[in-house]
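Atoms considered below: every heavy atom in the structure, side chains included; atoms not considered: hydrogens, waters and symmetry mates. Numbering starts at 1 and runs along the sequence shown. Order of appearance sets the numbers: ligands from 1, and atoms from 1 within every ligand.
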Amino acid sequence: MSPTNAIDWKQLAAGLRLDGRAFIGGERVAAATGAVFDCISPIDGRKIAEVARGDAADIDRAVAVARAAFDDQRWAGQAPAQRKATLLRFAALIKQHAQELSVLESLDMGKPARAALEVDITATFKTISWTAEAVDKLYDEVAPTPSHTLALVTREPIGVVGAIVPWNYPMLMAAWKIAPALAVGNSVVLKPSEKSPLTALRLAELALEAGVPAGVFNVVPGFGHEAGAALALHMGVDTIGFTGSTRTGKLITQMAGQSNLKRAWTELGGKSPFVLFADADIDAAVKAVTGSIFWNQGESCNAPSRLLVERSIADRVIEQCAAIAPRYAPADPLLDGTVMGALVDDIQLRTVLGYIDAGKAEGAACVAGGEQVRAETGGYYVAPTVFAGVHNRMKIAREEIFGPVLSIIPFDSADEAIRIANDTPYGLAASVWTKDLAKAHLTARALRAGVIHVNSYDEDDIVAPFGGYKQSGNGRDRSLHAFDKYTELKTTWIRLS
Ligand code: NAD
C-alpha cells in the first residue's frame, strides 16, 4: 500500500458519532422500555456506545410501520426503474461514507478497518448497486398454454420481510438480504447482531437520505432471544431471511413453523474442506488456504478450516503453513496495514481457545500459534493457529470454530479425500487443487457443497449465488436467484375464448 493512500483510522474513530438507537418509521427511537445494552469494542474491551435493547414491543411497532408502508404502496407501487434510481443513490451514499462505515465496523466487531473498506464496504456497495441495476430488467413469464387461454406467471413482493444477521460481516450480510428484498418492493425489519449493530443502523439512515420512504426499512437492535425471536415468531412477518449459526437456524425454522408458516431462508455455518492433491501448485495452494482461513480472524462461514492434503506432500505443506501463519499475527485493527484484528468478543475468544485446548488434548500437533495474544490491550486476540496430524473425528475437525485455526488432515487417495471432505454435517463451500482436469471435475462433482472452488478459494462476487447444502442452510444469497426468496410466484389464468 502506498503511503499516499494511508488513512488515519484512529483520528476518524475519535470523530465518530455513535448512535445506538433503533430506526423505526424513518426515525431514531429508544426501545419502548427505554432499556439499553453496552456495545463493547473488541479492539480494547472498552464500551463505545449504548444500544437500544429492542424486544417484542419494538418488533411489533416496526412490523406495523413496515406493513403500513407496504399496504399503501409508497415503495412497492413505484416502477422498478424508480426503486432502482433510489437504491443507486443509496449505494452512492455508502461509497461516500465508506471510511466512516469502515471504522464503525472495525470498532464494533474487531476487523481491520482497511479490510472493512476494501472488502466489506466495496462488496456492500456492489451488492446494492448490482441488485438495483438488475431489478428493472426482470421479465415475467407467459406459460405455454392452449390457445383458448393465457396463463401469466408473475413475481410479486411478499410484503414484510424479517431479516436477522450475524456479526462477522455485519453490513454485507445485511446488504445480501435488504438489497433484493427492497429492490422488488418489500418492506424490511432488520435485526442486526447484538455484537455489531452500529453499521446496520447507519445504513438505515443512509437509505432514508437516498429516498427510501420512511417505514420501508426499519432496524431493531437487540438480543436474539428477545428481538430476534419476536421477529421470527411474528404473525405479521411474511418471510424471514436468516444468516447465522446452524443452531439458531434450526430455532428460526421452528419459530416460522409454529407461527404463520412464513418461509424461513437460512444461511448457516460451515466446516469447509480444502482438498490439496500432490500434483497441484503447492505454493499457491498454501497461500490461498492460509489467506482464507486467517482472513477476518477466521470468522468466515466459508473459511477452509479443514485442509486435506495428499500424504506424500503433507510434511512440506505443514511446514509451509506453519511458516506463513505468523505473517497474519493480530495487530491494532485501526492501523493501516494490519491484516488480522480482534475476535468479536470475550465469549468468542474463550470459545476459540477452548477448541485449541481440545485439539491439543485430542493429540493433534499445534505447529503454529495456539494462544491468546495482545491481552495487555484489553482486546480479544488469538494467534493464527495450525494443527497437524488431525483426524476427521476430532472435535476441531467436526465443529465450526469460527476463529483463526487450521486443521491439516492427510489422505491417501482421491476417494478417501472425497469421503473425508463430505463427512461433515455442513456443506457450504469446498475447494479442490490439482493440475489434472478430469480429477478436478470429478472431485468438484462429488463434493457436497453449495460453492466449489477449483485451484482457487474465495472467488466472491454478487453475480453468482452463495449458500449451502445440508446443515449449512437452504437459501441462496446474491445473483438473480436471491430474488426468489423475497417474491411470491403468482399464476393468473385468463380465458380468451
Ligand atoms: P448466531 O446464530 O448466534 O446469531 C445470528 C443472529 O441470530 C444474531 O442476530 C442473533 O442475535 C440472532 N439470534 C440468536 N438467537 C436467536 C433466537 N433464539 N431467535 C432469533 N434470533 C436469534 O450466529 P453468529 O454467532 O452471530 O454468527 C456466526 C454464524 O453465522 C456462524 O455459524 C457462521 O458460519 C454463520 N454465517 C453464515 C453465513 C452464510 O452465508 N452461510 C454468513 C455469515 C455467517
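- Salt bridge status for Asp44 with Arg374: absent, with no side-chain N to carboxylate O gap under 4.0 Å.
- For the pair Lys195 and Asp108, the salt-bridge criterion is not met [side-chain N within less than 4.0 Å of a carboxylate O].
- Near ligand 1, residues Ile164, Val165, Pro166, Trp167, Asn168, Met173, Lys191, Pro192, Ser193, Glu194, Gly224, Gly228, Ala229, Phe242, Thr243, Gly244, Ser245, Thr248, Leu251, Ile252, Met255, Glu267, Leu268, Gly269, Cys301, Glu400, Phe402, Leu428, Phe466 come within 4.0 angstrom through at least one heavy atom.
- In this structure, Phe23 has its ring center no closer than 6.0 Å to that of Phe217.
- Side-chain rings of Phe274 and Trp433 approach one another, their centers coming within less than 6.0 Å.
- Formation of a donor-acceptor pair under 3.5 Å by the Arg83 side chain with backbone atoms of Ala183 is found in this model.
- Taking the charged nitrogens against the carboxylate oxygens, Glu133 and Lys84 do have a contact shorter than 4.0 Å, which makes a salt bridge.
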